[in-house]
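Each chain gets a letter, A, B and so on, in the order its sequence line appears, and its residues count up from 1.
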There are 2 protein chains.
Amino acid sequence: MPTTIELESLLRETGLRVTRPRMAVLGAVCEHPHADTGSIIDVTREDFGAVSHQAVYDVLRALTDAGLVRQIQPAGSVARYESRVGDNHHHIVCRACGAIADVDCAVGEAPCLTPSGNHGYVVDEAEVIYRGICPDCSTDYPSEKNDPLRKETSA
Amino acid sequence: MPTTIELESLLRETGLRVTRPRMAVLGAVCEHPHADTGSIIDVTREDFGAVSHQAVYDVLRALTDAGLVRQIQPAGSVARYESRVGDNHHHIVCRACGAIADVDCAVGEAPCLTPSGNHGYVVDEAEVIYRGICPDCSTDYPSEKNDPLRKETSA
DNA sequence: AGCTAACCTTGATCGATTCAAGAAAGCGGA
DNA sequence: TCCGCTTTCTTGAATCGATCAAGGTTAGCT
Ligand SMILES: [Mn+2]
Ligand SMILES: [Mn+2]
Ligand SMILES: [Zn+2]
Ligand SMILES: [Zn+2]
């Protein structure tokens, strides 16, 4: 979890203006990996007071475009964000509660980019999403708790 | 592309009642792999006259639950459907035009289900989505044509 | 033919995201 | 430090895919 100063540096180095919403949102994403936009809005408001939902959407897009955060969109889920970028890691999504955990690239890095029979496509990225049941949900019985903030490092 | 009789058999074998909307939608999905719901609605109406949008949604869900079709949801795209099921194949999505092509599972089948360090999750599926540029878009310059019907077997 | 659960139609509603217009604020230069 | 330009933020409406809800219709079975 970067300090305030480090967050500011990150923004400046990327050529982004340093604003209160940006500091707040970037901090929230760092502290709550894999949180969805709604959760990020909530956290940002708790920590820094009033921020418009539109500002958060704009900031998330700016940060994503700048490469400071990464957006992930598991099927059937809203967009989620994380500050762990540049390492091409993958994710495990719990079918029961939606919890997300990180998974390092399965076999080095190469196999992910070499589909068999690419139909003439020039492939530049491979996204892998594993699905299953998280530790909590395999002990508890399949429950429908869906708090993306509370459950994402449960492992 | 299955005949009318074959489509009917598919429905019956799955325990689904044979209705006009179901025949039409199932046929449309078979003929237009990776089409989105809107396109399926259009095709269905062209081929079989009036059908409510809700009926199409209901049918797609019924067919999906029955395992006759598979739903895919590339990030940033609406739901798409295909009748190729049960073979765990993957997809390549064109960044420029959204065209989707099939990719057989990269290395047999095993590696897709063995993430390194699974955080205690019990994994039962691995979905892989490749991203890149399709043949059409690499010759043409990056254009913004987005017709999911016209461009999905372009390879 | 008659029953009944399953199905379809219509129209409203939802939730996430985006659009649009004006106000506010960051930042480089004077 | 102050200006001015540009980006960014606020407010509020709008869009889009998908779902909900209520009622009429129909397929499949007896
Ligand atoms: Mn991650
Ligand atoms: Mn396919
Ligand atoms: Zn879980
Ligand atoms: Zn393309």
Side-chain angles (χ1 to χ4, degrees), chain A residues 4 7-26 28 34-42 44-45 48-66 68-69 71-81 98 144 146-148, chain B residues 4 7-26 28 34-42 44-45 48-66 68-69 71-81 98 144 146 148-149:
Chain A
T4 301
L7 292 181
E8 188 177 327
S9 299
L10 280 174
L11 290 174
R12 275 190 215 289
E13 287 165 15
T14 325
L16 293 174
R17 290 186 180 176
V18 177
T19 68
R20 176 159 278 277
R22 284 179 175 173
M23 294 287 287
V25 168
L26 182 52
H34 312 132
D36 60 38
T37 311
S39 300
I40 293 171
I41 291 175
D42 292 342
T44 302
R45 287 179 175 157
F48 294 85
V51 190
S52 72
H53 66 105
Q54 184 62 59
V56 176
Y57 276 102
D58 287 349
V59 169
L60 284 173
R61 169 168 298 186
L63 295 179
T64 301
D65 291 347
L68 291 183
V69 307
Q71 184 192 60
I72 54 183
Q73 276 188 293
S77 167
V78 297
R80 288 157 179 269
Y81 297 86
E144 288 300 327
N146 255 318
D147 186 337
Chain B
T4 302
L7 292 180
E8 190 177 324
S9 299
L10 279 174
L11 289 173
R12 277 191 213 290
E13 286 165 14
T14 326
L16 292 175
R17 289 187 181 175
V18 178
T19 68
R20 178 159 274 278
R22 284 179 176 176
M23 293 288 288
V25 169
L26 182 51
H34 312 133
D36 60 38
T37 311
S39 301
I40 293 171
I41 291 175
D42 293 342
T44 302
R45 286 179 176 157
F48 295 84
V51 189
S52 72
H53 65 103
Q54 185 63 58
V56 176
Y57 276 103
D58 287 349
V59 168
L60 284 173
R61 168 167 299 186
L63 295 179
T64 302
D65 290 347
L68 290 183
V69 308
Q71 185 192 59
I72 54 184
Q73 276 187 293
S77 168
V78 298
R80 289 157 178 269
Y81 295 86
E144 288 298 328
N146 255 317
L149 279 187

Inset, instruction - Could you pick out which residue, B/H53 or B/P21, lies toward the 5' side of DNA chain C when each is mapped onto its nearest nucleotide? - result: B/P21
Spacing of [X] atom [atom1] relative to [N] atom [atom2], expressed in whole Å:
X	N	atom1	atom2	result
A/I41	D/dC9	CD1	P	13 Å
A/M23	D/dT8	CE	C1'	16 Å
A/R12	D/dT7	CZ	P	17 Å
A/R45	D/dC9	CZ	C1'	13 Å
B/Y57	C/dG11	OH	C1'	15 Å
B/L60	D/dG17	CG	P	14 Å
A/D36	C/dG15	CG	C1'	12 Å
A/Q54	C/dA21	CD	C1'	12 Å

Inset, instruction - Please answer whether the main-chain N or O of A/G76 pairs with a side-chain N or O of B/Q73 as donor and acceptor at a distance below 3.5 Å. - result: yes
Inset, instruction - Any chance you could lay out the side chain to side chain contact (heavy atoms under 4.5 Å, CB included) test for B/L63 and B/T14, step after step, and finish with the verdict? - result: CA-CA 9 Å; B/L63 295 179; B/T14 326; over 6 Å; no
Inset, instruction - Would you sort out whether B/D42 and B/S39 count as a side-chain hydrogen bond (donor to acceptor under 3.5 Å, both in side chains), showing the intermediate values? - result: CA-CA 5 Å; B/D42 293 342; B/S39 301; 5.4 Å; no
Scan [X] against the nucleic acid and name what it touches under 4.0 Å (heavy atoms): base, sugar-phosphate only, or nothing.
X	result
B/R22	sugar-phosphate
B/T19	sugar-phosphate
A/R61	sugar-phosphate
A/A79	sugar-phosphate

Legend entry - Distance-minimising heavy-atom pair for A/P74 and A/R80: CD-CD, 4.4 Å
Legend entry - Among C/dA16, D/dC9, D/dA18, the nucleotide that comes nearest once only the side chain of A/V78 is considered: C/dA16
Inset, instruction - For C/dA16, take OP1 and OP2 only and decide whether either is under 4.0 Å from a side-chain N or O of A/T37. - result: no
Inset, instruction - Map B/L16 and B/G38 onto DNA chain D by nearest heavy atom, then report which one ends up closer to the 5' terminus. - result: B/G38
Legend entry - DNA chain D: 5'-proximal contact among A/R17 and B/V18 (nearest heavy atom): A/R17
Inset, instruction - For residues B/V25 and B/I40, determine if any side-chain heavy atom of one lies less than 4.5 Å from a side-chain heavy atom of the other. - result: yes
